[in-house]
Amino acid sequence: MDANEFRDKYLEFFKSKGHVIIPSASLVPKDDPSVLFNTAGMQPLVPYLSGQPHPLGKRLANIQKCIRTVDFDNIGDNTHHTFFQMLGNWSLGDYFKKEVISWSFEFLTDKRWLNLPLKRLAFTVYQGDKIVPKDNESSEIWKSLGVNEARIAFLGKDNFWIAGETGPCGPSTEMFYWTGDAVAPEKFDPADNRWVEIWNDVFMQYHKEKDGSIKPLKQKNVDTGMGFERTLAVLSGKKSAYETD
Ligand code: GLY
């Protein structure tokens, strides 16, 4: 699959699920002094994730230009770039875990879409902390879709997502693809870097305040982000995201 076909498929899929496609915001954020560059598809949407109504509705999707400065030390490996594109879809107080996990599964595995073999996929979910409960619900949804329990790992801070220090945040579930030459091991080990994270679904239902406390948001949102270049590498059978078209 080439880059254009992949982009078109992503946008077509989320259009078919009732999303409005919005343009990529500028790489240099407008009205957001907290970052120099857009780091994620959700960054320009912070006001709407925080409760302000979006003029185009509650289901949005796009392809956002990003620079993620926290990744700078990893640039040049097979999966990290200075500049990258993020495929994202959002629920602004609309659908939640069941819908988005089912759609992620469908988009990744269905013949009509990416057609990735389930035997090369694995998943992480949030293990919980003092405030946010363990996310058994997401794990059960993956299992109900046919995912083997051995391919689901519960993790801590890697599965709690926030852009920067304060703002909308929440537990996530992440999707990994086996890039090793051999058959993927039955038991998923997230520390084995042949498992590459390609997509995350963040359940943005909290807000982190300046004093470090976490408060529930007035709406439950979904924020997903799929790394365009690294997923394209998988889809085009390349070892490195630098080898894609
Ligand atoms: N969806 C959050 C992120 O990875 O940017």
Side-chain angles (χ1 to χ4, degrees), residues 10-11 13-14 17 19 21-22 24-27 29 32 34-50 54 58-72 74-75 79-97 99-101 103-105 107-108 122-126 132 135 138 155-177 190 195-208 214 217 219-232 234 241:
Y10 184 80
L11 297 178
F13 179 81
F14 281 100
K17 307 294 184 197
H19 291 65
I21 309 306
I22 57 172
S24 173
S26 162
L27 194 55
D32 183 353
S34 68
V35 283
L36 286 175
F37 299 107
N38 259 312
T39 61
M42 54 73 70
Q43 194 101 40
L45 297 174
V46 166
Y48 310 105
L49 293 162
S50 305
H54 193 285
K58 295 180 170 185
R59 294 185 182 195
L60 307 174
N62 85 350
I63 302 175
Q64 174 64 45
K65 299 183 272 278
C66 300
I67 289 184
R68 192 166 278 193
T69 47
V70 290
D71 285 345
F72 272 6
N74 297 319
I75 286 164
T79 56
H80 293 87
H81 287 208
T82 44
F83 165 85
F84 67 101
Q85 298 165 74
M86 184 176 285
L87 311 181
N89 59 282
W90 294 277
S91 158
L92 303 173
D94 187 22
Y95 58 82
F96 204 49
K97 292 185 184 179
E99 294 87 343
V100 76
I101 291 176
W103 292 339
S104 295
F105 186 84
F107 186 66
L108 291 175
F123 307 85
T124 57
V125 292
Y126 191 51
V132 180
D135 192 4
S138 294
L155 295 185
K157 60 176 173 41
D158 283 347
N159 279 72
F160 194 88
W161 209 89
I162 183 164
E165 298 295 316
T166 59
C169 56
S172 69
T173 181
E174 302 192 331
M175 292 149 258
F176 291 73
Y177 186 81
W195 288 105
V196 170
E197 186 211 336
I198 52 173
W199 200 0
N200 67 19
D201 293 350
V202 182
F203 308 115
M204 292 211 151
Q205 58 193 117
Y206 299 101
H207 192 277
K208 192 166 178 194
I214 289 187
L217 278 172
Q219 65 189 36
K220 287 185 175 180
N221 309 290
V222 171
D223 154 45
T224 92
M226 186 191 271
F228 177 70
E229 293 79 2
R230 58 172 71 176
T231 308
L232 182 60
V234 163

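Order of appearance sets the numbers: ligands from 1, and atoms from 1 within every ligand.
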Using 30° and 60° as the class limits, which term best fits the ring planes of Phe14 and His19: parallel, tilted or perpendicular? perpendicular

Compute the centroid of each ring, for Tyr95 and then for Trp103, and state whether the two points are separated by less than 6.0 Å. yes

Can you name the salt bridge (Lys or Arg N to Asp or Glu O under 4.0 Å) partners of Arg68, sequence neighbours left out? none

My understanding is that only residues two or more places apart in sequence, or in another chain, count here; which of them pass side-chain contact (heavy atoms from CB on, under 4.5 Å) with Leu11? Ile21, Ile63

The protein residues that pass the under-4.0 Å heavy-atom test against ligand 1 are Ala40, Arg68, Met86, Trp161, Asn200, Val202, Asp223, Thr224, Gly225

Contacts of type side-chain contact (heavy atoms from CB on, under 4.5 Å), residue Asp201, not counting sequence neighbours: Val100, Ile101, Ser104, Thr173, Met175, Trp199, Phe203, Thr224

Roughly how far, to the nearest 0.5 Å, is the OG1 atom of Thr166 from the CD1 atom of Ile214? 11.5 Å

